Structure formats: C-alpha cells, structure tokens
Amino acid sequence: SFEKPVGEKTDATYGSKWRVQVIKFGPGKDGRINWPKAPLVASLSLFDKSRVFINDDSQHVDPAKAQRFGKPVKALAGWLSNPAVVGDAIHADFEVLQSAEKLRSDLIDAFERGNPEFLGLSVDIGAYSKKVMVAGKEMMEPVKVLSVQTDVVYDPTNEGKFLKMVASQIQKVEQFP
C-alpha cells in the first residue's frame with residue numbers, strides 16, 4: 001500500500017521530501033551481493049546526509065561506463081536524512097534538491113496515478129567485503145561499510161523504494177498584533 005501525496009501542489013516544497021526504504025537486508029535480486037543487517041546498522045550514521053544521484057542507467061548497469069572519478073555534480077538529486085532501521089530494512093527521508101524538478105515531478109505523477117514503484121533506489125556502498133555462500137550461490141558481502149551513496153533507478157536490486165511524501169508545504173508563521 002502507499003499514501004498519495006498531500007498538501008497543495010502550489011506550495012514550493014510540494015514533493016520535496018519523501019520517506020524511502022533505502023535498502024532491504026539480504027541477498028540482492030541480481031545475485032551478486034548479500035546485504036547483512038549488522039554492518040549496515042553499524043554504519044547507519046553514514047546514511048545521514050549521504051548523497052543521492054540520478055545517473056545515466058548505463059553507468060549503473062555497466063561498470064565499464066561508470067564515471068572514473070566519481071559521479072558528476074550535475075547528477076545530484078538530493079540527500080538522505082533521519083536514517084533508521086525499520087524491520088528488515090533501512091528507511092530514511094530523501095530531501096530532493098530544487099534543481100531536481102523533473103525527478104520531483106515524476107515522483108508526484110507516479111504516486112498520484114497509482115504507480116509508487118515506478119522509480120526506486122539502489123545503494124552504492126563502499127565497503128570491505130568477503131565472499132560468502134548464500135543459498136548455494138557465491139556472493140560478496142560487506143563486512144565494514146566505508147561510504148554510502150544512493151542512486152535513483154527504475155529496477156532496484158534490494159527493494160529500495162519511495163514510501164510516501166512527508167513534506168508538502170512551507171510552514172506558515174502566524175503573526176500576532
């Protein structure tokens with residue numbers, strides 16, 4: 001289930017903050033990485049204020065096309081705040097930059113038209129890792145997380161998703177005579 005956006009579309013901040021599920025613990029659906037709870041929870045502070053990017057999908061799918069020296073500034077979409085462990089996942093608030101207007105518009109449109117999983121999130125985590133066997137398949141598994149970034153994608157591997165809009169209007173200050 002999902003909640004439709006609330007507030008007035010004319011508000012400057014409508015759709016600028018979303019509660020998201022950043023990552024669900026366990027094996028990724030692509031079968032490459034297992035994401036155990038312990039090292040992710042131990043690194044929860046690294047999720048706070050971590051950058052969120054909108055990349056060209058070829059950069060995400062094909063490592064050979066990835067930016068050699070990191071992601072471009074023009075691909076910044078916002079940042080995460082208030083990370084928390086919720087059940088078998090990490091949730092956070094996604095603060096959308098004003099310059100990411102198309103993303104904000106696409107999120108609102110998808111939610112209003114009943115397709116909240118139109119876009120998702122995929123973590124890009126730097127970590128010390130080891131090889132492990134999970135359900136008879138060899139996978140990499142982080143042992144110690146060193147850095148966290150997140151990408152907006154259309155096909156997340158660990159159920160990264162937009163849950164609901166949490167900010168939709170500017171606070172109005174009442175003035176008393």
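What you see is a predicted model; the values in this text were computed from it and never measured.
With rounding to the nearest 0.5 angstrom, the CZ atom of Phe53 is 13.0 Å from the NZ atom of Lys74. With rounding to the nearest 0.5 Å, the separation of CG in Leu107 from CE in Met165 is 8.5 Å. For the atom pair OH (Tyr14) and OG (Ser105), the distance works out to 10.5 Å, reported to the nearest 0.5 Å.
In terms of the side-chain contact (heavy atoms from CB on, under 4.5 Å) criterion, residue partners of Gln21 (sequence neighbours excluded) are, by chain and number, Lys24, Ala89, His91, Glu159, Lys161, Leu163. Listed by chain and number, the residues in a side-chain contact (heavy atoms from CB on, under 4.5 Å) with Glu95 are Lys17, Trp79, Ser81, Asp93 (sequence neighbours excluded). Under the side-chain contact (heavy atoms from CB on, under 4.5 Å) criterion, Asp106 pairs with Lys102, Leu119, sequence neighbours left out. Contacts of Glu101 classified as side chain to side chain donor-acceptor pair (under 3.5 Å), with partners at least two apart in sequence or in another chain: Arg104.
Considering only heavy atoms from C-beta on, Ile54 stays 4.5 Å or farther from Asp151 through its side chain. Within the 4.5 Å cutoff, side-chain heavy atoms of Val20 are placed close to those of Leu80. With contacts defined as side-chain heavy-atom distances shorter than 4.5 Å, the pair Ile90/Phe25 qualifies.
Counting only residues at least two apart or on different chains, the side chain to side chain donor-acceptor pair (under 3.5 Å) pairs with a member in residues 25-39 are Lys29-Asp155, Asp30-Arg32, Asn34-Glu141, Trp35-Asn158.
The two residues Gly28 and Met139 have their closest heavy-atom pair at O-CE, 4.1 Å. Smallest separation of non-hydrogen atoms from Pro39 and Pro142: CG-O, 3.3 Å. Scanning all heavy atoms of the two residues, the minimum distance from Ala92 to Pro83 falls at CB-CA, 3.9 Å. Closest heavy-atom contact between Gly15 and Val96: O-CG2, 4.0 Å.
Leu76 and Val123 end up in different hydrophobic clusters when Ile, Leu, Val, Met, Phe, Trp and Tyr side chains are linked at under 4.5 Å. Following chains of ILVMFWY side-chain contacts shorter than 4.5 Å, one can reach Val41 starting from Val145, so the two form part of one hydrophobic cluster.
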| How far apart are the C-alpha atoms of Ile125 and Leu40, what are their side-chain angles, what is the distance that settles it, and do they pass the side-chain contact (heavy atoms from CB on, under 4.5 Å) test? | CA-CA 10 Å; Ile125 289 179; Leu40 292 172; 3.7 Å; yes
Counting only pairs under 3.5 Å, give me each side-chain donor-acceptor contact of residues 44-51, with atom names and distances, residues two or more places apart or in other chains.
| from | atom 1 | to | atom 2 | distance (Å) |
| --- | --- | --- | --- | --- |
| Asp48 | OD1 | Asn82 | N | 3.3 |
| Ser50 | OG | Phe47 | O | 2.8 |

Identify each donor-acceptor pair in which a side-chain atom of residues 128-136 lies under 3.5 Å from a protein atom, sequence neighbours left out, and give them as a table.
none

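A tilted orientation is assigned to the rings of Phe94 and Phe162, their planes being inclined by 30° to 60°.
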